[in-house]
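Note sheet for the following structure.
Residue numbers start from 1 in every chain, and the chains themselves are labelled A, B, ... in the order their sequence lines are given, proteins ahead of strands.
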Number of protein chains: 2
Amino acid sequence: MVQWTPNTDTDLPSCPSSPPSPDALNKLLFPTNRELREKLFDLLKEPLFRRRTDISVRQHRELTTARIKRLHQEGVFRNTIALQKPEGSRRYDNVIAVLTLLDHSLEVKLGVSFGLFGATVHKLGSKQQRDFWIPRLENFEAFGCFALTELGHGSNVRGIETRATYLPETRQFEIHTPNETAQKYWIGGAADSATHSVVFAKLTIRGIDYGIHVFIVRLRRPDGTIEPGIRIADCGEKAGLNGVDNGRIWFTHVRIPREDMLSGLSQVAPDGTYSSSIPSANARFGVMLAALTGGRVGIASNAIGTAMLGLTIAIRYSFQRRAFAPSEGSLEVPLLFYTSQQRQLMIPLATSFVYGFCARDLSDDWYRAIESGSVSKRTHVVSAGYKALFTWFMQDALQAAREACGGQGYKSDNVIAPLKADRDVMLTFEGANTVMMLQVGKTLLAEFGSATRNSGRYDENSILSALNAIPRKSGSTKQLDSAFFRSTFLRLEKEQVVALGNQYSKALKKRGGSEFHAWNDCLEQAEKAARAHMCRVIHETFECHVKKAYEIDEHSADALGLCGQLWGANSIQQNADFLRLRCISINDATVIAGGVGDLCEKMTAIAKHLVEGIGIPQHLLAPIAVNYVKHNSRARL
Amino acid sequence: MVQWTPNTDTDLPSCPSSPPSPDALNKLLFPTNRELREKLFDLLKEPLFRRRTDISVRQHRELTTARIKRLHQEGVFRNTIALQKPEGSRRYDNVIAVLTLLDHSLEVKLGVSFGLFGATVHKLGSKQQRDFWIPRLENFEAFGCFALTELGHGSNVRGIETRATYLPETRQFEIHTPNETAQKYWIGGAADSATHSVVFAKLTIRGIDYGIHVFIVRLRRPDGTIEPGIRIADCGEKAGLNGVDNGRIWFTHVRIPREDMLSGLSQVAPDGTYSSSIPSANARFGVMLAALTGGRVGIASNAIGTAMLGLTIAIRYSFQRRAFAPSEGSLEVPLLFYTSQQRQLMIPLATSFVYGFCARDLSDDWYRAIESGSVSKRTHVVSAGYKALFTWFMQDALQAAREACGGQGYKSDNVIAPLKADRDVMLTFEGANTVMMLQVGKTLLAEFGSATRNSGRYDENSILSALNAIPRKSGSTKQLDSAFFRSTFLRLEKEQVVALGNQYSKALKKRGGSEFHAWNDCLEQAEKAARAHMCRVIHETFECHVKKAYEIDEHSADALGLCGQLWGANSIQQNADFLRLRCISINDATVIAGGVGDLCEKMTAIAKHLVEGIGIPQHLLAPIAVNYVKHNSRARL
């Protein structure tokens with residue numbers, strides 16, 4: 001592939017005299033582990049890491065395993081395993097952020113063993129259990145999977161039916177699948193490769209139900225044969241992610257030693273006496289799912305990396321590819337000349353920068369949570385909200401990128417379309433997006449309820465405390481400045497949260513006090529409130545990053561400011577509720593509608609610098625991102 | 001697979017006392033060729049037509065060819081070839097509407113030879129050429145492809161560079177690819193299988209350029225070897241549609257006899273004298289692309305069939321699958337209990353019915369155009385608009401269906417996710433959707449221009465003539481009646497078209513009279529105008545069908561009326577411009593926001609009947625559409 005020289009056509013918006021420096025931007029986007037990233041990018045030049053399409057499910061699985069071995073050989077995972085220390089997590093996340101650009105399967109297969117199995121053992125295991133398992137996982141002596149979901153129970157994890165019965169006479173637990181809907185389903189690594197699994201099951205001791213607990217069960221012996229009493233089936237081909245061997249597991253009265261219940265928080269004594277440092281079953285259950293929160297943090301972040309990959313390819317192609325000429329006989333203009341193409345690609349490009357910084361902020365929160373051992377309400381809410389919003393955004397961005405490239409966007413070797421199929425799973429795994437948004441909405445409803453009991457004021461620690469003092473309309477619509485966005489977003493948030501609270505009270509009366517039915521009447525409003533809340537949080541978070549950027553590099557900060565404006569203006573434009581709930585005037589809406597086009601033009605003028613700032617090396621891009629004519633030349637046949 | 005018995009749970013909205021009859025609905029949806037449809041559905045029970053995933057590109061191509069042979073053996077294509085007669089077209093379209101439910105590749109591979117090659121020969125060929133080719137195509141003695149697009153020229157088909165030079169001395173044309181961007185690209189059937197191609201090339205006679213003309217070129221000899229001077233390469237793997245062997249073609253001074261230019265409209269005499277019944281090169285070019293319009297009509301229609309398939313699967317699953325219980329220990333409720341699930345699936349279900357009838361209406365227009373030999377402006381505009389809107393809708397509906405099924409929606413054997421990847425190509429082939437919408441917008445701008453010159457009145461034949469007499473706000477927002485929608489949609493259309501006209505005038509001044517640059521300044525507004533126009537047309541068209549339905553079956557007509565209301569209310573709710581341009585009041589918007597939920601609940605109450613009315617037989621559905629627990633049972637391993 002030859003070097004890419006983006007078009008310097010006079011038909012394109014002219015570059016400002018002081019464009020952002022790609023290098024400075026890249027440092028802002030990826031401030032840590034830069035050497036490690038470079039080393040990995042280099043490693044991915046090896047033939048083993050060449051992008052492959054048109055391989056069978058079997059071949060894809062083998063390739064994924066071979067790639068993991070190679071990475072391990074290079075010591076990539078040494079002292080990095082998730083949750084050991086914040087530095088380790090940060091290092092691991094940087095590794096994954098690079099690998100995700102190559103293959104989602106690689107990322108997920110590692111994530112299941114390190115992030116889910118590993119994090120669960122770390123969080124819920126005793127010191128002895130941790131010390132035993134963590135090094136074994138990191139050295140690939142054990143490969144773990146995470147058996148939570150069942151055929152009939154996905155979003156409602158509390159509904160799982162797998163049983164763990166303690167047998168005091170033999171000091172064993174008996175793990176059992178009581179019926180078909182209780183079969184463990186979608187268990188990544190189970191079909192072919194995992195040696196062990198953490199298994200979530202309902203613990204019963206002498207007929208008393210203690211709720212869900214976690215057990216380590218060996219699935220395969222060192223020679224690969226499956227343990228007696230365990231039946232495993234393959235989940236089969238998926239629309240993507242076929243390098244991960246998802247499986248289904250049935251347990252038939254499988255006995256495991258008492259020592260294999262994760263016993264950091266709860267213990268069963270040899271005689272069957274149960275004890276726990278967390279007495280409330282509800283609270284215990286929350287802690288048990290902690291690994292999922294970490295998973296969501298990672299997903300949010302990698303969704304943005306993926307979107308940036310697709311957008312980089314499409315934007316680089318749009319600089320090269322020409323269509324239609326201003327007059328007969330003259331040169332055709334590049335696709336990015338067209339305001340439709342600018343809009344299609346610049347809005348998601350701006351959004352990817354805004355969300356990218358927010359995702360990093362969430363990761364930093366998460367590292368702090370690991371350090372302190374406790375996850376704040378804000379982090380829970382934000383991780384659920386970002387997971388949903390960022391993966392939805394990712395798919396929209398990839399779709400825009402794919403359509404912006406026309407037929408070339410549909411070719412497998414041009415990456416975008418298969419990428420989209422591969423990542424689509426992210427919208428429903430580790431918490432279906434709709435459910436995630438409703439979790440955010442439910443928290444907002446609870447906070448609104450507390451405030452109502454507190455004469456309308458939110459507690460200082462409430463995630464809604466900013467609603468206590470909403471500035472009157474401030475800032476300037478024409479300038480699209482930060483103050484304008486802040487007051488507008490806060491007003492929408494307030495309107496939506498209040499509407500949710502009021503709607504719920506009415507529904508509760510109408511439904512004779514059934515919270516279950518009343519909540520069901522409010523789901524749309526709950527999602528609206530959640531979106532409005534997240535929109536304000538994103539704006540707030542990103543603005544902090546823009547301010548910090550001004551201390552480092554002014555031109556980059558200007559560019560980020562532009563991204564924020566375009567994201568903000570587009571968010572308002574796309575949502576009729578800003579007008580309906582009178583958060584903006586019709587006049588504002590008209591100004592904003594006009595402003596979006598101007599901002600897209602300004603973005604186009606620095607698109608080359610932004611894309612170079614993202615800094616994905618050429619060997620991880622696609623032929624159309626380099627020189628689509630040369631790649632298709634007859635000489636290459 | 002066992003029979004599907006949809007849930008009759010009391011947790012679901014209760015069915016009205018007079019629900020629509022699935023049979024009556026089905027007859028309204030598919031009024032013609034019903035026996036043929038049944039016969040085909042039966043034929044697709046054969047093992048050869050079992051859905052396949054995880055097959056290689058090579059296997060998928062072979063499978064597609066084998067299936068076509070089998071269909072041919074059954075005489076499915078006898079006297080059906082496109083464009084011969086309206087009855088033939090209608091018959092062919094019904095065949096394709098069934099086949100599209102199985103595999104897009106089958107539909108496209110047939111469509112290229114019959115619809116594109118065949119229609120081009122029919123439209124542009126002499127009687128002799130038609131009589132020669134049509135039976136050969138129908139009997140699969142020849143398999144045609146359609147070499148229009150080039151590597152560097154997709155949307156701008158006028159920009160193609162392939163040359164056809166007439167050589168009077170030998171009475172031959174020389175077809176030649178002058179450079180890399182002129183290689184024919186994406187030519188369906190070219191890589192492996194087609195025997196002949198229609199080739200679009202710039203005709204030159206004695207140094208004079210006569211513009212684009214169409215030639216028949218043999219690609220392969222009966223033994224499969226490629227003709228000398230022709231080089232063919234494979235386009236390679238795509239994100240879907242891999243049963244179609246898309247190829248690239250280079251011609252190196254390939255000579256073909258004079259008789260192989262399609263000569264129905266234009267002729268080159270032996271001495272090189274050029275004549276044409278259509279003197280204007282522009283008009284000639286329009287006629288040459290007629291086959292593409294027919295293609296768009298078919299795509300619009302099949303997009304809706306595809307959406308209905310995905311929605312059927314997701315809705316049937318949502319009746320069975322349960323999650324969360326109202327109280328501890330009680331039975332979990334089906335997914336369709338949740339208002340979020342209702343909204344996610346009922347809005348696209350309603351829309352699919354609205355668009356489905358509109359697509360049929362367009363097909364009927366097209367058959368009339370075939371009969372009369374001329375395509376009206378309305379049909380051109382509507383085919384472009386429907387092609388874009390319906391394929392975009394299809395992808396959104398499939399995405400909603402996929403997410404509504406959670407992880408199961410991502411499994412290949414559950415159809416939805418691979419369907420989505422397979423059909424994504426429809427958004428950019430035969431006219432990229434964005435370009436299609438801008439074509440509609442450009443026509444509206446021209447009509448607005450004529451009206452401006454005509455003191456603001458649109459001509460009786462203008463597609464905008466309805467704007468001459470917009471009723472004052474009429475109907476009732478609360479009732480969401482047809483009069484309300486009509487006046488609201490007309491008002492938006494008027495505002496958007498006028499805004500387009502005004503914006504363009506200003507842009508033209510600003511750009512020193514350059515139409516090319518002025519138009520580029522208006523693309524967003526042009527798309528808005530196009531969408532508003534199509535929205536009104538869709539409403540108008542569908543209302544006619546609802547009225548007709550009342551003459552046939554009242555309960556079905558009621559159900560269709562409900563679909564129309566939900567589609568209409570959702571269209572208003574999703575578009576902030578209704579408020580911004582004062583087509584509705586804030587009060588209206590609030591009423592509509594509340595109304596959508598109620599309509600979704602009403603739709604859910606009859607969802608079973610609507611889905612059965614669509615009538616896709618079980619063997620073309622997916623395991624989760626039947627009984628997801630039994631399908632996953634251990635007994636089936």
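- No donor-acceptor distance shorter than 3.5 angstrom exists from the side chain of A:Thr339 to the backbone of B:Asp521, with no hydrogens or angles considered.
- For the pair A:Gln496 (side chain) and A:Ala530 (backbone), a donor-acceptor distance under 3.5 Å is absent.
- Ring planes of B:Tyr338 and A:Phe516: perpendicular class, angle over 60° (limits at 30 and 60°).
- The most heavy-atom pairs under 4.5 Å with chain A, out of B:Thr149, B:Thr428, B:Asn520, come from B:Asn520.
- How far CD of A:Gln342 is from CG of A:Leu335: 11.0 Å, rounded to the nearest 0.5 Å.
- For B:Ala325, the part lying under 4.5 angstrom from a heavy atom of chain A is the backbone only.
- Neither the backbone nor the side chain of B:Ala432 comes within less than 4.5 Å of any heavy atom of chain A.
- Neither the backbone nor the side chain of B:Phe429 comes within contact range of chain A, judged by heavy atoms closer than 4.5 Å.
- If you take CE on A:Met426 and OH on B:Tyr410, they are separated by 10.0 Å, rounding to the nearest 0.5 Å.
- At a 4.5 Å heavy-atom cutoff, the contact between B:Gln408 and chain A is made by backbone and side-chain atoms alike.
- Taking CE of A:Met436 as the reference point, atom CG of A:Leu438 lies at 9.0 Å (rounded to 0.5 Å).
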* To do: Kindly indicate, with the supporting measurements, whether the criterion side chain to side chain contact (heavy atoms under 4.5 Å, CB included) is fulfilled by B:Ile347 and B:Val596.
  => CA-CA 9 Å; B:Ile347 293 173; B:Val596 167; 4.0 Å; yes
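- Note: B:Pro326 leads B:Pro418, B:Pro326, B:Ala421, B:Gly597 in heavy-atom pairs under 4.5 Å with chain A.
- Using modelled atom types, one side-chain atom of B:Gln320 and one backbone atom of B:Ile624 make a donor-acceptor pair closer than 3.5 Å.
- In this structure, no portion of B:Phe578 lies under 4.5 Å from any heavy atom of chain A.
- Of the atoms belonging to B:Gln399, it is side-chain heavy atoms, and not backbone ones, that fall under 4.5 Å from chain A.
- For B:Arg158, no part lies under 4.5 angstrom from a heavy atom of chain A.
- Chain B forms more heavy-atom pairs under 4.5 Å with one residue of A:Val629, A:Leu579, A:Asn587, A:Leu151 than with any other, namely A:Leu151.
- Taking CG of A:Leu419 as the reference point, atom CD of A:Gln395 lies at 8.0 Å (rounded to 0.5 Å).
- Interface remark: B:Ala593 contributes backbone and side-chain atoms alike to the contact with chain A (heavy atom separation under 4.5 Å).
- Taking chain B as the reference chain and counting heavy-atom pairs below 4.5 Å, the highest number among A:Lys420, A:His517, A:Lys238, A:Arg402 is found for A:Arg402.
- In terms of heavy-atom pairs under 4.5 angstrom with chain B, the leader among A:Arg582, A:Gln344, A:Glu527, A:Gln341 is A:Arg582.
- Each of B:Asn575, B:Leu523, B:Thr590 has some count of heavy-atom pairs under 4.5 Å with chain A, and the biggest count is that of B:Leu523.
- By the 6.0 Å contact criterion, CD on A:Gln59 is enclosed, its count of non-hydrogen atoms from other residues, nucleotides or ligands being greater than 12.
- Comparing A:Gly159, A:Ser412, A:Ser340, A:Ser514 by how many heavy-atom pairs each has under 4.5 Å with chain B, the most go to A:Ser412.
- Looking at B:Thr53, the atoms closer than 4.5 Å to chain A (heavy atoms on both sides) sit in the backbone and in the side chain alike.
- Looking at A:Lys411, its side chain never comes within 3.5 Å of a backbone N or O of A:Asn414 through a donor-acceptor pair.
- For chain A, the nearby part of B:Arg321 is the side chain; its heavy atoms alone come within less than 4.5 Å.
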* Check step by step if side chain to side chain contact (heavy atoms under 4.5 Å, CB included) holds for B:Leu637 and A:Arg231. => CA-CA 10 Å; B:Leu637 292 184; A:Arg231 182 71 191 263; 3.6 Å; yes
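- Both the backbone and the side chain of B:Arg580 come within less than 4.5 Å of a heavy atom of chain A.
- Heavy atoms of B:Gln183 lying under 4.5 Å from chain A belong exclusively to its side chain.
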